[in-house]
There are 2 protein chains.
Amino acid sequence: MGELVSSNEETCRWRRRKEERPAEILAAALKNFSSKGFAATKLAEVAKEAGVSKGTLYLYFESKEALFKAVVNEFVLPQIAKAEEQAEQNTGSIKHLMVKLVEQWRINILETELSGITKMMIAEASNFPELATFYLENVIQRTRGFVANLIKLGIERGEFRQCNYDYAARAFLSPMVFSAIWQHSLAPFDDSYDMNEYLNIHLDIFLRGISKDSLG
Amino acid sequence: MGELVSSNEETCRWRRRKEERPAEILAAALKNFSSKGFAATKLAEVAKEAGVSKGTLYLYFESKEALFKAVVNEFVLPQIAKAEEQAEQNTGSIKHLMVKLVEQWRINILETELSGITKMMIAEASNFPELATFYLENVIQRTRGFVANLIKLGIERGEFRQCNYDYAARAFLSPMVFSAIWQHSLAPFDDSYDMNEYLNIHLDIFLRGISKDSLG
DNA sequence: ATAAAATAACTGACCGGAAAGTTATTTAAT
DNA sequence: ATTAAATAACTTTCCGGTCAGTTATTTTAT
């Protein structure tokens with residue numbers, strides 16, 4: 001943990017590492033925001049884990065809020081881009097693509113620290129309006145729009161029945177979001193919830209519910 | 001709000017009102033915990049809204065955590081008891097009872113300050129393990145068990161298909177919990193989500209998904 | 001009835017610790 | 001020698017919890 005110097009154990013108290021600092025700080029910030037939430041994250045702890053002093057944090061990020069926004073830009077937005085690309089390259093059915101998207105959610109979000117960011121934002125939005133609008137505009141609305149478009153396409157193709165695709169997108173996404181929330185709130189105190197099972201059931205119900213034919 | 005004396009505007013700085021204090025403090029605490037969350041709630045503010053000094057709070061409640069537990073006992077548990085009674089007195093189908101339960105959720109939880117308690121607990125469970133286990137044992141497990149029993153009964157009666165009724169209970173409850181969470185997190189910043197619509201769609205999908213016949 | 005004494009409800013200034021953010025100083029690198 | 005990266009000590013603010021003192025109310029004595 002507290003490794004300050006690399007190989008040559010020189011008599012250096014610290015090194016100048018302008019290039020590497022941001023990435024190391026962001027990694028520590030992600031870990032802390034994810035596990036503790038925004039308010040409960042201590043910048044002193046982030047600094048310690050990044051192997052720098054608290055002051056150094058402020059050399060690279062203006063404030064705690066700026067640091068969080070940087071975490072979102074660095075780690076969350078690329079995931080959305082990835083999903084969008086996967087959709088573009090999709091050649092099979094929309095239904096199949098949606099199964100794949102849930103699978104990607106599991107692997108890339110739920111089972112990584114990113115689920116903690118999802119939970120954190122939902123949990124603390126009301127206490128940090130500035131972050132709330134940032135996250136809403138850059139993450140939520142973009143994701144919702146992306147899924148809504150997908151469903152719209154499914155309807156046009158005759159895979160899905162006529163429905164309000166905007167609400168259908170919410171119905172599709174909310175259990176995924178819920179899984180992230182639960183995992184970082186009461187699941188650790190509960191006899192462990194099988195998230196895979198939970199997501200499978202919801203996906204099954206959703207696809208059944210939206211299909212043109214009643215079998216899904 | 002800051003009414004200290006009732007009718008006669010006497011030259012009293014305060015009155016002794018041992019009987020009324022707890023209820024007034026609990027009401028102010030509910031309001032604050034609901035809108036701000038646990039950590040962000042300031043006891044000085046609760047005291048002010050209850051018309052007492054901060055010190056008086058500690059005459060009636062041992063700590064912030066004890067105050068929160070009292071709020072749950074006073075306002076949340078009676079709602080669960082109410083639902084349990086309604087289930088006992090039910091003469092129609094289980095399916096119909098579940099529609100009614102969602103309706104009650106809307107009226108008694110979602111559209112009241114209690115939805116804020118639901119959200120608060122999910123949001124801050126990880127930072128307050130003591131409260132988390134208290135809430136899990138007294139609220140979550142009791143509610144989940146109640147619904148699981150209902151679904152089990154529905155299966156025995158032939159209304160529902162064979163399924164893991166424990167997970168089915170989670171599938172039934174999680175969108176309700178999600179509605180409360182969303183309402184107190186990003187909904188205020190979003191173009192307003194129609195929660196009724198959201199709940200209706202989920203109820204429809206759930207009942208379709210669990211029915212023995214495919215129509216629901 | 002009245003007033004003094006006793007009681008307990010209530011107040012609010014204060015304490016201690018914690019954490020965000022700042023800055024004077026030190027140290028590495030060139 | 002000079003620059004700038006990094007530090008560590010500092011300031012400020014905030015809040016849960018405490019407690020010594022104040023005041024409304026009740027009780028006792030006359």
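In what follows, chains are A, B, ... by sequence order, proteins preceding strands, each numbered from 1. Since the model is a prediction, treat every value here as computed from it, not as a measurement.
- For the pair B:E20 CD and C:dC10 P, the computed distance is 9 Å after rounding to whole Å.
- For NZ of A:K69, the number of neighbouring non-hydrogen atoms (other residues, nucleotides, ligands) closer than 6.0 Å is greater than 12.
- Note: CG (B:N32) to C1' (D:dG16) measures 15 Å, nearest angstrom.
- Listed by first then second residue, pairs satisfying ring-ring contact (aromatic ring centres under 6.0 Å, His included) with a partner in residues 132-154 of chain B number zero, not counting sequence neighbours.
- We find that CG of B:L57 is positioned 15 Å from P of C:dA9, with the value rounded to whole Å.
- Shown here are the salt bridge (charged side-chain N to carboxylate O under 4.0 Å, His left out) partners of A:K64, two or more places apart in sequence or in another chain: there are none.
- Other residues, nucleotides and ligands place no more than 12 heavy atoms under 6.0 Å from the OH atom of A:Y165.
- At the phosphate of D:dA6, OP1 or OP2 sits under 4.0 Å from a side-chain N or O atom of A:Y60.
- Residue B:F61 is classed as having no contact, given no heavy-atom separation below 4.0 Å to the nucleic acid.
- For D:dT7, one of the phosphate oxygens OP1 or OP2 lies less than 4.0 angstrom from a side-chain nitrogen or oxygen of A:T56.
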Reading nucleotides 14-30 of chain C from the 5' end, what letters show protein touch, with B for base, S for backbone sugar-phosphate only, - for no heavy atom under 4.0 Å?
-----SBBB----BBS-
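- Remark: P of D:dA4 and CD of A:E19 are 14 Å apart, rounded to the nearest angstrom.
- Nucleotide D:dC19 holds its C1' atom 11 Å from the CG atom of B:L59, rounded to whole Å.
- The two residues B:I94 and B:L150 have their closest heavy-atom pair at CG2-O, 3.7 Å.
- Side-chain contact between A:K119 and A:S34: absent, with no pair of heavy atoms (C-beta onward) separated by less than 4.5 Å.
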